[in-house]
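Have a look at the structure below before the remarks.
These numbers come from the heavy atoms of this one structure, side chains and all, not from hydrogens, waters or symmetry mates.
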Amino acid sequence: MSGDHSDAAIARRVRRMETLLEEKGVLSGARLDEIIDASLSGASPANGARVVARAWTDPGYKRRLLADGTAAVRELGYMEGSYQRLRVVENTADTHNVIVCTLCSCYPLRLLGPSPSWYKSEAYRSRVVREPRTVLAEFGLELPSGTEITVWDSSAETRYMVLPRRPEGTEGLGEEELAALVTRNALIGTAAV
């Protein structure tokens, strides 16, 4: 598939699609705005952080989350009405996971909030696949040489979220305090927490 995939080109195509939907009477501009607003409503990395905190404190929930991310996240009220499958991948002492969408910027919006500009950039999308250790180091994440790095490529059907390792010394913290430690970059895999 070739063509211009720059943000400007994508924005032009989206605007053209909006215009066609309006011209054909499929959706009004106001209804389209309502749909977009509803999809962004409540979309926040705080949601993903709450999922992580629950997994860190509830072993049964963690097992369900890793077995079927979509169902486990819905238990907490997230991803209702979403048609994508969510797969949650766990960082361990030996393995670090990072997510990307090499074709565009597919991303679990409701759990991570709007995607950062770097996630959508061609540089990130191409380089993290070829040289993940270097890209992670540029984010300030230096991993031991023996740590295996797995790059997960999101798609329109399957979205990924990283379950970061629980920081040492946090055993006495509750879910709310733990959730406050988790960053969006950790949910993507470009940070430890």
Criterion side chain to side chain contact (heavy atoms under 4.5 Å, CB included) on Val89 and Leu163, from CA distance to verdict: CA-CA 6 Å; Val89 291; Leu163 175 59; over 6 Å; no
What are the two closest heavy atoms between Leu86 and Pro108, and how far apart are they? CD1-CB, 4.2 Å
How many angstroms lie between OG in Ser115 and CG in Leu109, if you round to the nearest 0.5 Å? 7.5 Å
Would you call Arg85 and Glu157 a salt bridge, using N to O less than 4.0 angstrom? no
So how far is it from Leu143 CG to Glu148 CD, rounded to the nearest 0.5 Å? 12.0 Å
Show me the pairs that pass ring pair (Phe, Tyr, Trp, His ring centres under 6.0 Å) and involve residues 43-63, at least two apart or across chains. none
In Å, rounded to the nearest 0.5 Å, how long is the span from SG of Cys101 to NZ of Lys120? 12.0 Å
Does Thr190 offer a backbone N or O that forms a donor-acceptor pair with the side chain of Asn185 under 3.5 Å? no
Determine, step by step, whether Arg16 and Leu20 satisfy the side chain to side chain contact (heavy atoms under 4.5 Å, CB included) criterion, reporting the C-alpha distance in whole Å, the side-chain angles of both residues, the deciding distance to 0.1 Å, and the verdict. CA-CA 6 Å; Arg16 180 68 183 134; Leu20 287 171; 3.5 Å; yes
Quick one: do Thr158 and Gln84 satisfy side chain to side chain contact (heavy atoms under 4.5 Å, CB included)? Show the steps, please. CA-CA 6 Å; Thr158 303; Gln84 295 102 4; over 6 Å; no
Between the side chain of Arg133 and the main-chain N/O of Thr147, is any donor-acceptor distance below 3.5 Å? yes
Smallest heavy-atom separation, Pro164 atom then Ala192 atom, equals CB-O, 3.2 Å
Heavy atoms from other residues, nucleotides or ligands near CD of Glu176 exceed 12 (cutoff 6.0 Å): no
Check for a donor-acceptor pair, side chain of Tyr107 on one end and backbone N or O of Tyr119 on the other, with a separation under 3.5 Å. no
Measuring from atom CG of Leu187 to atom CG of Leu111, what distance do you get when rounded to the nearest 0.5 angstrom? 8.0 Å
Nearest heavy-atom contact between Thr183 and Ala191 is OG1-CB, 4.1 Å
Interatomic distance, OG1@Thr70 vs CZ@Arg159, rounded to 0.5 Å, equals 11.0 Å
Would a distance-only check, ignoring hydrogens and angles, find a side-chain to backbone donor-acceptor pair under 3.5 Å from Thr170 to Leu173? no
Looking at every non-hydrogen atom in both residues, tell me the closest pair between Val193 and Pro167 and how far apart they are. CG2-CG, 3.6 Å
What closest approach, in Å, do Leu178 and Ala53 show between heavy atoms, and which atom pair accounts for it? CB-CB, 3.9 Å
Please check if the side chain of Glu22 supplies one atom and the backbone of Thr19 the other of a donor-acceptor pair under 3.5 Å. no
Salt-bridge contact Lys62-Glu90 (side-chain N to carboxylate O under 4.0 Å): yes
Under a 3.5 Å distance rule, please check whether Asn91 uses its side chain to pair with a backbone N or O of Arg165 as donor and acceptor. no
Using a 4.5 Å cut-off on heavy atoms from C-beta on, say whether the side chain of Arg125 contacts that of Ser121. no
Given side chain to side chain contact (heavy atoms under 4.5 Å, CB included), test Val52 with Met161 step by step and report yes or no. CA-CA 10 Å; Val52 168; Met161 185 179 88; 4.2 Å; yes
Taking only residues at least two apart or on different chains, which pairs with a member in residues 125-152 satisfy ring pair (Phe, Tyr, Trp, His ring centres under 6.0 Å)? Trp118-Phe139, Trp152-Tyr160
Minimum heavy-atom distance Cys106-Ser154, with the two atoms named: O-CB, 3.6 Å
Output yes when a side-chain donor or acceptor of Asn97 lies under 3.5 Å from a complementary backbone atom of Val162, and no otherwise. no
Give a yes or no answer on whether the side chain of Ser126 reaches the backbone of Glu122 with a donor-acceptor pair at less than 3.5 Å. yes
Look up atom NE2 in His96 and atom CD1 in Ile149, then write down how far apart they are to the nearest 0.5 Å. 7.0 Å
So, Glu175 and Arg54, do they make that salt bridge, N to O below 4.0 Å? yes
